Undergrad: 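One structure, pasted below without further comment.
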There are 2 protein chains.
Amino acid sequence: MGEAKHLAKDSELPDPPKQDVLRVYGMKFSPFTHRLKLVLAAKGVEHETVNINLVSKPSWYLSKNHRGEVPVIEINGNIIRDSIVTSQYVDDAYTGDKLTTTDPMKKAKESVLLLDNEKTIRGFIEAAYHTPDKQARGLMIMKEGLEKIDDFLKSTGSYFICGDKPGLTDYMIWPHLERIRALWPICITQFLFVEAYSRRMLRDSAVKQCQLPNSMHRRFAADCRKKKVNYDMVEEIEES
Amino acid sequence: MGEAKHLAKDSELPDPPKQDVLRVYGMKFSPFTHRLKLVLAAKGVEHETVNINLVSKPSWYLSKNHRGEVPVIEINGNIIRDSIVTSQYVDDAYTGDKLTTTDPMKKAKESVLLLDNEKTIRGFIEAAYHTPDKQARGLMIMKEGLEKIDDFLKSTGSYFICGDKPGLTDYMIWPHLERIRALWPICITQFLFVEAYSRRMLRDSAVKQCQLPNSMHRRFAADCRKKKVNYDMVEEIEES
């Protein structure tokens, strides 16, 4: 997921990327950066990563992207924000397997699923990153989103959201599922189709390349709740 | 924009559309329905319209689309919601001029503009449809959105957002501009590039086909503020 240290307020503006080099501004634990990284991995696109400390943002980053969010891509003087827009750009601009669904109706249904999935995300953020008193409500909202994914998989009967193999919509949905599996596995196992789908996704090579250990997802969420995040934490090898 | 009467709570479920017939569930004054209607007009796609009374929603409509919003399309047993998703579907599925930008970077920048435009929409809704005390704040937010459109047009130097002629992104942006022109023309004229752009858009044949008179836009907004909308109002011919 990009091992570069996260640059903070006192950091210096990095040199711009070289001609035709794609740079990703990201954050190691961000599910939104994760979306873009999955697409880059699936298509085998070479790129460099500049990680940003989102609590102590560099001022040079805010002048590149006034909203200060990640991911952002920079290439040949162009700056593009948003996880879905940047992921779609990568699929459109680079060779390799096309990840976007071509059948118009199927593509439209995936777009609606992505809109429905905003509930999963909203609920997850509330349950994972905020104070414990919001957890119950967050989990409830999150489950309404998961139910939509379950219904979608059930109605299409296909292995992945995009069909026989993971596509763009799968990679937009996956990052939150990986985190939900780590934090509340029971929320996944209670949805039969989502559970089977998750197990298939875990065997995908892009998913494997970008995966973080469950223990790190859990630690990041716990640190967020305590408002004390170490963006550069390293994996602890647990002794058994 | 579809002259069909707006069906209310007591209405009966209409028969499903015939094979391959595209049905739009809409509302005559909705800027979101307007987006889809512009795309249908630009591509010359035959369709039928079922208008929905959004204050007194038919229960059969809620079972088709539990969110109860418009536009929704129905075709061959499929139901798709959301103005952008349905518009994209129409461009993807029907012959006629392709309205979607093909250059990946240009397409990505248009997608970011559409995200930035959410400010125009949010500000407009607050200023036009809510109580007068919210108007000042709404207008301020709206102008931040308009500034993004102005910057975009200035930086590309092209006649339309999509280039030499209006494309999908133009038709997604236009409905709110048409309404802002009707309600607060000075908000448009203070942005040089948006003003010149609006005048060009008004000459587009799809824009002309779907346009409502300024007086109706003003009356709809005033009725919303009074929470007393007549969806089936007809144009009053003003005597001079």
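Quantities reported herein were computed from a predicted structural model and do not represent experimental measurements. Reminder, nothing fancy here: chain letters follow the sequence lines and each chain counts from 1. The basis for the numbers below is simple: all heavy atoms, side chains too, and nothing from hydrogens, waters or symmetry mates.
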Undergrad: Among the options A:Asp82, A:Asn78, A:Ile75, A:Val112, pick out the one with the most heavy-atom pairs lying under 4.5 Å from chain B.
TA: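 Looking at each option in turn, the highest pair count goes to A:Asn78.
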Undergrad: Is it the case that more than 12 heavy atoms not belonging to A:Lys9 sit under 6.0 Å from its NZ atom?
TA: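 Atom NZ in A:Lys9 is not packed in, count stays at 12 or less.
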Undergrad: Which of the residues B:Arg67, B:Gln88, B:Lys109 is involved in the greatest number of heavy-atom pairs with chain A at under 4.5 angstrom?
TA: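 Most heavy-atom pairs under 4.5 Å with chain A: B:Lys109.
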Undergrad: Is it the side chain or the backbone of A:Lys107 that comes within 4.5 Å of chain B heavy atoms, both, or neither?
TA: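 For A:Lys107, the side chain is the part near chain B, not the backbone.
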Undergrad: More than 12 non-hydrogen atoms from neighbouring residues, nucleotides or ligands closer than 6.0 Å to OH on B:Tyr159, yes or no?
TA: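 Count not over threshold, so no.
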Undergrad: Given the rule in the side-chain contact (heavy atoms from CB on, under 4.5 Å) test, do B:Arg81 and A:Leu115 qualify, once you have shown the distances and angles that lead to the verdict?
TA: CA-CA 10 Å; B:Arg81 69 175 176 94; A:Leu115 294 175; 3.6 Å; yes
Undergrad: Around atom NZ of B:Lys98, are there more than 12 heavy atoms from other residues, nucleotides or ligands closer than 6.0 Å?
TA: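 Enclosed: over 12 neighbouring heavy atoms sit under 6.0 Å from NZ of B:Lys98.
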Undergrad: Take atom OH in A:Tyr129; do more than 12 heavy atoms of anything else shown fall under 6.0 Å from it?
TA: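 For A:Tyr129, atom OH is crowded (more than 12 foreign heavy atoms under 6.0 Å).
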Undergrad: So does B:Asp92 pair up with A:Lys106, basic N to acidic O under 4.0 Å?
TA: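 No salt bridge links B:Asp92 with A:Lys106.
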Undergrad: Verify the neighbour count for atom CZ of B:Arg200: are there more than 12 heavy atoms of other residues, nucleotides or ligands below 6.0 Å?
TA: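 Count over threshold, so yes.
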